[in-house]
S.K.: 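After the structure tokens below, expect a handful of questions from me.
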Amino acid sequence: MSISRRTARSVRILGVASATAALALGAAGNALACNISEFSAEAKCDGTKGIISVTDVDASGTSAVVSVFLENNGADVQKVGQQEIKGSRQGVTITFAEDWKPNATYRVHVKAGNLVDADIKGNVTAPPTACATESPSPSASETPEPSETPSSPASSGTPSANPSESESSAAPATPGDNAPSPAAGSSNLAETGANSNTPMIAGIAGALVVVGGGAVFFGMRRRGASKSS
């Protein structure tokens, strides 16, 4: 039984449509497949601590294993850590605690079944400035105590502006109140060292002595004359 041209044409059209659908499904499957370009990484600070963050925007949600390595001159020095991640269209982020040094380099490797087994291109370079550290708060023993305020002006060495009534009303002491007052007539002695009348008195006394001696002499002489007569 021969196939008509119309039937053959219909078969060809059906085959072309099937092939087109298969290509579309294949393209859609490749678009949803996990890809290394859907992963990104960054070194940053979380408060005062350094971290390496890795973000996966794989819409298929394929499970992947992420490993982070510290690099030095293109060689792995230390493995920072390893975690599993399942991405989403909105993006899923995981973090690795790492006290990174400024400008340090890290290699981030992603393994997702048979779909991805590669490093994130460009590696990760830490910022040139380290994370800020918290200033230590002073302990109770180190807290300076406030200085004591002097209770009165006398304690600070400043004289009182208003002296007390007893001090203001008290008469100043007169020097020499307890010393005996000098005798009358002795002021000249204190001033000159001797009384100004002393020479005259001495002269009168000397004259009296001479007169008295003469009187005694003459009296004895007369007495002797009377006895001889």
S.K.: Please round to the nearest 0.5 Å and tell me the distance separating atom OG1 of Thr95 and atom CD1 of Ile51.
M.R.: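 Separation between the atoms: 5.0 Å.
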S.K.: Quick one: CH2 on Trp100 to OH on Tyr106, what's the gap to the nearest 0.5 Å?
M.R.: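 It comes to 8.5 Å.
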S.K.: Do Lys111 and Asp117 have side-chain heavy atoms sitting under 4.5 Å apart?
M.R.: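 SC-SC contact between Lys111 and Asp117 confirmed.
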S.K.: Compare every heavy atom of Phe96 with every heavy atom of Val66, then report the nearest pair and how far apart it is.
M.R.: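 So the two residues come closest at O-CZ, 3.8 Å.
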S.K.: Which distance, rounded to the nearest 0.5 Å, do you find between the OG of Ser63 and the CG of Leu115?
M.R.: 11.0 Å
S.K.: Please find the pair of heavy atoms, one from Ser67 and one from Gln82, that lie closest to each other, and give the distance.
M.R.: OG-OE1, 3.0 Å
S.K.: Which pair of non-hydrogen atoms, one from Ala104 and one from Leu70, has the smallest distance, and what is that distance?
M.R.: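 Where Ala104 meets Leu70 most closely, the heavy atoms are CB-CD1, 4.3 Å.
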S.K.: When rounded to the nearest 0.5 angstrom, what distance separates OG1 in Thr105 from CG in Asn103?
M.R.: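 So the gap between those two atoms works out to 8.0 Å.
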S.K.: First locate atom CD1 of Ile52, then atom NZ of Lys44, and finally report the distance between them rounded to the nearest 0.5 Å.
M.R.: 10.5 Å
S.K.: Looking at every heavy atom in both Pro102 and Ala130, which two are closest together, and how far apart are they?
M.R.: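 That would be CG-N, 3.8 Å.
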S.K.: Are any of the side-chain nitrogens in Asp99 or Lys49 under 4.0 Å away from the carboxylate oxygens of its partner?
M.R.: no
S.K.: Could you report the tightest heavy-atom contact between Val108 and Ala41, atom names first, then the distance?
M.R.: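 Distance-wise, the nearest heavy atoms are CG2-CB, 3.8 Å.
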S.K.: Are any side-chain N or O atoms of Asp56 and backbone N or O atoms of Asp58, one a donor and one an acceptor, separated by less than 3.5 Å?
M.R.: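 Judged by distance alone, yes, a pair lies under 3.5 Å.
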S.K.: In Å, rounded to the nearest 0.5 Å, how long is the span from CD1 of Ile85 to OG1 of Thr55?
M.R.: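 Rounded to the nearest 0.5 Å, the CD1-OG1 separation comes out at 7.0 Å.
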S.K.: Please answer: with hydrophobic residues joined when any side-chain heavy atoms are less than 4.5 Å apart, are Phe39 and Val65 in the same cluster?
M.R.: no
S.K.: Report whether Ile94 and Phe69 are members of the same hydrophobic cluster (ILVMFWY, side-chain heavy atoms less than 4.5 Å apart, transitive linking).
M.R.: no
S.K.: Only one of Thr62, Val57, Val116 forms a side chain to side chain contact (heavy atoms under 4.5 Å, CB included) with Glu38, so which one is it?
M.R.: Val57
S.K.: Please report the shortest heavy-atom distance between Val124 and Ala43, naming the atom on each side.
M.R.: CG1-N, 3.6 Å
S.K.: Tell me if a side-chain donor or acceptor on Asp119 pairs with a main-chain N or O of Lys121 at a distance below 3.5 Å.
M.R.: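 Checked: no pair found.
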